[in-house]
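Have a look at the structure below before the remarks.
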Amino acid sequence: MSISDTKRGAVVDAFASGWRAPAPHAWDDLLHPEVVLEQPLLRDGRGRAVWHDAVARLLTFVPDLTGHVHGWAGDGDILYVDVELTGTVGGRPYSVRAVDRLTLDEDGLITARRSFLDPTTFVTAIATRPSAWPAWWRSGLPPLAARTSGDLAARVTTGLGATRLLVGSAALASPRLARRAVGLARAAEDDRGLFVRLFAARDAAFGAATLSSSPTASALGLRLGALCDLADVAAGLLAGRRGMALAAAGFAALGGLAILSERPGRPPNR
């Protein structure tokens with residue numbers, strides 16, 4: 001399908017206008033009624049109602065959210081838009097860069113939108129800014145408890161990655177609290193939390209990898225996390241700490257379930 005640069009430019013202008021003053025219905029004149037949406041850490045689906053819901057949740061969490069289009073490129077009916085979203089999360093500025101791949105019909109309506117961004121910045125912002133937690137919870141946004149839609153593998157993978165990143169970040173910030181949570185409150189304190197932080201950094205890294213927009217990185221993070229969980233089960237049993245072993249076994253089981261449920265050729269975090 002041949003679409004002129006003039007029509008593409010008009011689509012970009014309307015797209016940018018919506019992000020300058022976002023609202024659930026700000027893009028209604030631009031979206032096809034049956035638009036197909038694929039968006040990290042938001043609900044995938046079909047139809048404007050899915051987009052309305054996503055924007056409403058985003059604005060509940062970040063009321064001052066706005067977007068700025070830095071550039072675009074087009075080829076045939078495909079349009080790529082480079083957009084930066086900014087707002088306030090937990091009382092501090094937050095921004096994330098994304099590229100939206102838009103598919104247009106002959107009337108210039110968006111029939112499909114696929115957004116590419118690194119969700120780890122979003123999860124990290126939530127994990128490290130406790131004052132943002134109430135607003136995030138009210139918004140109903142993922143990733144905690146894998147509140148995304150999609151197939152079983154996608155939900156479990158997102159939940160595991162987010163939980164690892166959140167727990168790892170919290171343990172890095174407060175090793176003493178993490179030590180007590182796993183029943184090591186009487187362990188020697190002279191390491192200044194060194195060993196707890198080492199394990200926390202491992203979990204945070206695996207969580208970030210699992211949530212990556214790269215299918216290869218996500219699959220690797222999921223598998224390495226499951227292997228480490230199995231090793232933690234053995235370590236917990238050898239040390240006589242059944243509670244720790246059971247917790248690690250639960251993570252290992254969920255990781256195995258996500259791996260076994262993956263669809264061939266489909267990224268595990270989509």
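Model, not experiment: these values are computed from the prediction. In what follows, every heavy atom counts, from backbone to side chain, and hydrogens, waters and symmetry copies are set aside.
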**Item:** Separation of Thr111 OG1 from Asp105 CG (nearest 0.5 Å)
**Value:** 6.0 Å
**Request:** Would you kindly confirm whether Phe206 and Leu220 end up in one hydrophobic cluster when ILVMFWY residues are joined by side chain heavy atoms under 4.5 Å apart?
**Result:** yes
**Request:** Please say which of Val12, Asp100, Asp13 ends up in a side chain to side chain contact (heavy atoms under 4.5 Å, CB included) with Val69.
**Result:** Val12
**Request:** Assess the side chains of Asp107 and His32: does a donor N or O sit below 3.5 Å from an acceptor N or O?
**Result:** no
**Message:** In terms of relative ring orientation, are Trp27 and Phe15 parallel, tilted or perpendicular, with 30° and 60° separating the classes?
**Reply:** tilted
**Asked** Which value, rounded to the nearest 0.5 Å, describes the distance between Arg113 atom CZ and Gln39 atom CD?
**Response** 5.0 Å
**Complete:** Nearest heavy-atom contact between Leu59 and Pro22 is CD1-O, 3.6 Å
**Asked** Going only through I, L, V, M, F, W and Y residues with side-chain contacts under 4.5 Å, is there a path from Val55 to Val50?
**Response** yes
**Prompt:** Do the side-chain N and O atoms of Thr103 and Asp77 include a donor-acceptor pair separated by under 3.5 angstrom?
**Reply:** no
**Prompt:** Should Val96 and Phe61 be regarded as members of a common hydrophobic cluster, given that ILVMFWY residues are connected when their side-chain heavy atoms come within less than 4.5 Å of each other, either directly or indirectly?
**Reply:** yes
**Working for side-chain hydrogen bond (donor to acceptor under 3.5 Å, both in side chains), residues Thr88 and Asp64** = CA-CA 7 Å; Thr88 304; Asp64 62 344; 2.7 Å; yes
**Message:** Taking transitive links into account, so neighbours of neighbours count too, which hydrophobic residues share a cluster with Leu109 at under 4.5 Å side-chain distance?
**Reply:** none
**Asp229: side-chain contact (heavy atoms from CB on, under 4.5 Å) partners, not counting sequence neighbours** = Arg164, Asp232, Phe251, Ala252
**Message:** Check this for me, if you would: do Arg97 and Asp82 make a salt bridge, where the nitrogen-to-carboxylate-oxygen distance has to be below 4.0 angstrom?
**Reply:** yes
**Complete:** Taken to the nearest 0.5 Å, the spacing of Asp44 CG from Arg114 CZ works out to 9.0 Å
**Prompt:** What are the two closest non-hydrogen atoms of Ile78 and Arg8, and how far apart are they?
**Reply:** O-NE, 4.5 Å
**Request:** Using the six-membered ring wherever Trp is involved, compare the ring planes of Trp19 and Trp51 and label them parallel, tilted or perpendicular (cut-offs 30° and 60°).
**Result:** perpendicular
**Asked** Cluster question for you: counting only ILVMFWY and a side-chain heavy-atom cut-off of under 4.5 Å, with indirect links fine, are Tyr94 and Val62 together?
**Response** yes
**Prompt:** Taking only residues two or more places apart in sequence, or in another chain, which ones meet Asp53 in a side-chain contact (heavy atoms from CB on, under 4.5 Å)?
**Reply:** Arg43, Arg57
**Check: Ser17 side chain, Ala14 main-chain N or O, donor-acceptor pair, under 3.5 Å** = no
**Request:** Drop me the distance from Ile110's CD1 to Arg48's CZ, to the nearest 0.5 angstrom.
**Result:** 10.5 Å
**Message:** Once rounded to the nearest 0.5 Å, what's the spacing between atom CG of Leu58 and atom CG of Leu85?
**Reply:** 8.0 Å
**Item:** Ala132 to Val89 - nearest heavy-atom pair and separation
**Value:** CB-CG1, 3.8 Å
**Request:** Work out which heavy atom in Arg129 is nearest to a heavy atom in Gly90; give both atom names and the distance.
**Result:** CB-CA, 4.4 Å
**Prompt:** Should Trp136 and Leu65 be regarded as members of a common hydrophobic cluster, given that ILVMFWY residues are connected when their side-chain heavy atoms come within less than 4.5 Å of each other, either directly or indirectly?
**Reply:** yes
**Asked** If you look at every heavy atom in His52 and Pro24, which pair is closest and at what distance?
**Response** CD2-O, 2.9 Å
**Item:** Heavy-atom donor-acceptor pair, Ser218 side chain to Thr210 backbone, under 3.5 Å
**Value:** yes
**Request:** Assess whether atom CG of Asp29 is packed by more than 12 heavy atoms of other residues, nucleotides or ligands within 6.0 Å.
**Result:** no
**Asked** Taking atom CZ of Arg202 and atom SG of Cys228, what is their separation to the nearest 0.5 Å?
**Response** 4.5 Å
